[in-house]
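Notes for the one structure printed next.
Letters go in sequence order (proteins before strands), and every chain restarts at 1.
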Amino acid sequence: MTPENPKLDSLLVKLDQSIQRLQETVEFAKPNKVPLLLDLTRRILLLDGGCAALEERAQIMEDAGVFAGSDWANPQILVPSMTSHAFKSGDTHLLAIEALSELRLLVVALGGYRHPLIAAEQAHHYVTQVLAINLALLFTPPGEAERETQGRHAQIPRLLLKHLAERIGYEHIIDRLIDEIWRILRQRPIQVETVKQMVTQIAICQQNPAIDFGGSGQGADRLVSSLYGVTQACREDPGLEIYHQRLQPMDSKALQSEATGFSRAMHDTGLVSPYHAVLIRHLLEVDEYLLAEALGLSSTGRDCFMCYRQLALELIRKAVFPATAQSIYGLALMFERGILYQPAVAPSLWRQLNLQLSVQATARLTTVFGSEVPADTRLLAGVLCLLGLPLGVGQGNNPTCQSARALSMWAYIDPDYLLQMVVWAARDDEIMMHFEGEAISSREAETGITKEFSLDLDPVSLLVVPHLDRVYAEMGRRCIGRQGDPHRWVNPEFHGWWSGRGLCINIDVATGGLHDLDGFLRSFYAHYHPFYNGNQPLIHPQPAGIAITDSAARFIGWHAITLLRVALDHEDVMRVYFYNPNNDSGQNWGDGVVVSTSGKEERHGEASLPFPQFASRLYLFHYDPLEGGIAANVPQEELSLVKGYLMRSWGADRPQPEPTLQGAQVDKA
Amino acid sequence: MEKNPEKGYVALLGWCPNAVEAAEKFDRRYVVVAPEWAAEYCEQHQIPYVSWNFERLNDRSTEITKTLQDMGVDVAIPLFEETVEWAGAINSVLLDNPRLLGQSMLMRDKSLMKRRAQIGGIRVGIFEEAHDREDVVRFLKRVNQTLLKLDGDPNDPIHFKAFDKAGCLGHRVIRTPDDVDSIPDEEFPALMESHLDGWEFAVEAWIHEGKIRFLNISEYVTLGYSVFVPASPELEQYRDQITRQVEKLVKTFDIEFGQIHPEYFVTSDGEMYFGEVAYRPPGFKVFELLERVYGFDAYQASILVFDPKTTEEEIRNFFPKEVVDAKGYAGCFGVYPRRRVVSRLEIPEETEDHPYFESHELTPPLEELVTKRTAFGTHWGLLYFTGSDAGEMKRLLKRQEDLDFYV
């Protein structure tokens, strides 16, 4: 508090009074009192030192119920990119609540507030991303449009971002942003819109002579150039039209150099420049032999491309546009994976090329992605991305980890089944699956786990997940009344025959207490650890359940993941490599358990942990009862190590409420 | 809060979140009687609730009485003008006192109310009932003839009030026959009154066992725009006279318990004229203002005086001493957009920076084009002020009339 600011002081007195009044208000009447609090917040935000004063009070304001009943009450679901809308809004209450939420997360990020729903590290990621997405606001005065809609309130986001940047650390902010972007990109997500926004913001700020980054921001060049100036002919971001004209007179050699430039940048970052799409479409007409070069294909990919040349050309023609440039990367990786050699895949893709979308599917795609390209093109591009990057699919802000995991699994080992699902959802607006011989239609199933879908999904998930979610929930309903955990029956029926029919769970479903830990862990080691299972690599990806903990190792919720591989890394540490349907797998689970996403021999999209650490967070896995090693061979020291991790984290305060279907509770760490 | 089964069980007629909150925090058992649309909310928040549609009294009306009686409810409290006669009807059964229905009907009909007041020896202005527009024109002419106006002189205005509307709704000031044409049909029948040049103010009084237990004077700075409590010393000097007037009213209307909200004029020679009286909480959030300066919850005060099981001691402990116990003044101002086209809400810095400014409940405009105001109409939201000086409060509230909040 600054003593020389009587205006702020008097407002703070009023704020403290109204916080107190809100605390005393009975639950149902709180929403009536909140506007007053937000109005005071707004006025305080306008003053020097206001952000700091609110930061001090953020926790008590949240405890008093200022966010109750709104999205902000669940910070773990907030999307950083939504802030740019709120910051430009003329609705001062929206502005105030958004700002207050950021300040609250700042306190969480700095460790001043242990939030029950979001860990310090996540809050830190969030605040950094908010800064990245709104970078321009930090450095530029309000434009005409903002002054018009916001008046003097246009200062609020600026003062707020300045405060956030100062608290988080100004000089490192750009570099941290860049690290953050690279960290996300190394996981090769299908959805790269947010990343692109952040890169664009950095690019805009770099261009602005009024903004001085000092020595920071060097690492941004590769990112910015991979989107806006990949090659010689588009170095200065000339616009798609001009680039297209520049391509016309080029000879083979010049085109080849363009092709190489693009493909290198694409495989390097996972980002695809819209210029790349212009080049590819040009090559389609003038020199299709350079296409393999432009896709950056290895001999495997090139071979596949040549074998299915006609299909490949048709896919490019239909799917690759500047607006769907990411599909180029999906396409390239799909060839590299060689999945076209599975007999059913190529014909399935021919069907996809000619698919008539239902009215609902078209509307859904257009609502989310706009109509720059037709809905079926959008979907095809999405299909290519999913087939190329099976581990790049995320659940968005929906508690649908099961469905996202299923999509990923099918894209990974059963691509023609995935293509079948896409057709059912997109053409028929209905998915039919069978549970113990009985058909379940996604149309008849009442509701899924998720009531309202957030739309931050890739095109395939957008169409398929709502159906899967309903079917999954219905399967769960049909298990009501059975003894034990419903995943035993649901998972194999839902995911595929390869999900082991054996099931181990270390929770007593009725009481929520831990149950037969030793037996559970011995079994897991005997089935999955190569030292104890006869050195048998994992064959099919297996669904598994983990207890997510936050960076303080406190239990957050149950979560669905896929076991992909178990192998030694280059330091001879036995690691479990797994897929996490969260959008960002890099998470700190506390007590030294930090999920790695790169640098430990992870393939793109994989997360990994040393075997014992992973086992300590596992609560449910499937296995084949006819296979596996001898459980008794697992040494007691190894089990003690795992149990130590377990009891220091989510096992500490058991029993807890019993686990329900994964995804039905808090889903994200 | 822990409920005391020894005390009364009250029914709140009408949906008012602040009243529900007050009841929740009070030791009396309560039930909310409100239309169906409140059901989901009440269920969600475990608020005791009975669904009832107050649209009109009909043969099913005994049902609600029966329901409440079976539940063991002792008394019904009206929260809105529209529920006043319902409370009367219900209470006449619950309290076995048939007169209560008649009393409530008097409160609902502005013309009957005036006549009753007149019979009780209370001064009222010249008034008449109007059934159509011709009646209005005739009354306007007659009043101005009485005032010895010549043709062409500007008319003294008359006031036109729909019979059964609350407060400023349906209240129009008529100056010319042209104004008469703008009155919609549904506002007839109505009461017409001569205009009194004077100081208009309102009273909120809580009555228990026929006696006034707390009497607040609310001062209007400009009718329909602003009000503050307690009244300024200039108006409070009439407190004794005002108290006597209200006592007369209580006697004339035979009010044993409850909360009344009469309006008066005091003319320059100190004469009091009765305007009207309502048997319900006032509009303009006066209850909230009272809580701000006196610290007691006015809804709880009403529950207390309605509850037949309330003791004398409880009453004495509950109410503070008028004026002397008030911590400063609290006022509010109703904002109307002044421009024809508005695009956003912006509180003038002058207002916001004033040390008295407390808060506002204005929301961003939903439409750009502002509909023309007819009657006194509904404001778009309130501004709240608190401060220690009545003079400054008055000046401040007046000043707001010249400012734009929607631009």
Side-chain angles (χ1 to χ4, degrees), chain A residues 5-47 50 65 68-69 86 88-97 145-156, chain B residues 1 15-26 30 32 38 40-49 285 288 291-292 295 297 299 327 342-349 351-366 368 381-387 404-407:
Chain A
N5 194 341
K7 199 164 150 189
L8 178 61
D9 290 350
S10 82
L11 281 176
L12 288 175
V13 171
K14 287 178 180 166
L15 180 73
D16 290 337
Q17 285 170 356
S18 49
I19 293 173
Q20 198 193 340
R21 240 173 285 149
L22 186 64
Q23 285 166 339
E24 290 163 0
T25 301
V26 293
E27 211 53 47
F28 63 80
K30 284 188 194 261
N32 304 323
K33 310 276 156 110
V34 167
L36 197 159
L37 210 59
L38 290 181
D39 197 54
L40 284 165
T41 302
R42 169 187 65 84
R43 289 159 67 194
I44 292 168
L45 283 166
L46 282 165
L47 302 176
K88 293 196 171 88
S89 165
D91 179 347
T92 53
H93 281 178
L94 175 61
L95 199 56
I97 199 169
E146 286 162 297
R147 274 201 299 278
E148 189 51 41
T149 51
Q150 294 186 302
R152 64 204 156 91
H153 296 120
Q155 277 312 320
I156 289 181
Chain B
M1 185 173 180
W15 176 248
C16 169
N18 284 343
V20 180
E21 190 191 351
E24 182 65 39
K25 293 205 282 200
F26 203 43
Y30 74 99
V32 174
E40 197 186 331
Y41 187 87
C42 290
E43 196 181 315
Q44 198 184 338
H45 296 97
Q46 283 122 37
I47 298 167
Y49 165 79
K285 301 278 173 86
E288 281 76 357
E291 182 174 6
R292 199 80 189 87
D297 187 312
Y299 288 104
K327 289 194 279 302
V342 296
S343 62
R344 69 167 191 277
L345 165 69
E346 186 158 300
I347 313 289
E349 281 182 66
T351 302
E352 210 164 272
D353 290 348
H354 194 284
Y356 282 19
F357 179 71
E358 186 89 340
S359 62
H360 74 79
E361 50 182 44
L362 300 174
T363 49
L366 297 173
E368 296 218 322
L382 294 171
L383 305 173
Y384 293 91
F385 300 91
T386 50
D404 279 315
F405 293 83
Y406 288 94
V407 294

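- Heavy-atom distances place the side chain of B/Y41, and not its backbone, under 4.5 Å from chain A.
- When atom types are taken as modelled, the side chain of A/K7 and the backbone of B/P355 share no donor-acceptor pair closer than 3.5 angstrom.
- Considering every non-hydrogen atom in both B/K25 and A/V26, the closest pair reads CG-CG1, 3.7 Å.
- A heavy-atom distance below 4.5 Å is not found between the side chains of B/Q46 and A/F28.
- Atom CD of B/E352 sits about 6.5 Å away from atom CG of A/D39, to the nearest 0.5 Å.
- With a 4.5 angstrom heavy-atom cutoff, B/E358 touches chain A via backbone and side-chain atoms both.
- Contacts with chain A were tallied for B/T363, B/I47, B/V407, B/L345; B/I47 has the most, counting heavy-atom pairs under 4.5 Å.
- Atom CD of A/E24 has more than 12 heavy atoms from other residues, nucleotides or ligands within 6.0 Å.
- Between A/R152 and B/E346, the shortest heavy-atom contact is N-OE1, 4.2 Å.
- Under the 4.5 Å side-chain criterion, counting only non-hydrogen atoms from C-beta, B/I347 is in contact with A/R42.
- Of the listed residues (A/L11, A/L40, A/L46, A/T25), the greatest number of heavy-atom pairs within a distance under 4.5 Å of chain B belongs to A/T25.
- There is no contact between B/Q44 and chain A, counting heavy-atom distances below 4.5 Å.
- Between A/E27 and B/E21 the shortest side-chain heavy-atom distance does not fall below 4.5 Å.
- Proximity to chain B is absent for every atom of A/S18, based on heavy atoms less than 4.5 angstrom apart.
- Annotation: the span from B/S359 atom OG to A/R43 atom CZ amounts to 8.0 Å, rounded to 0.5 Å.
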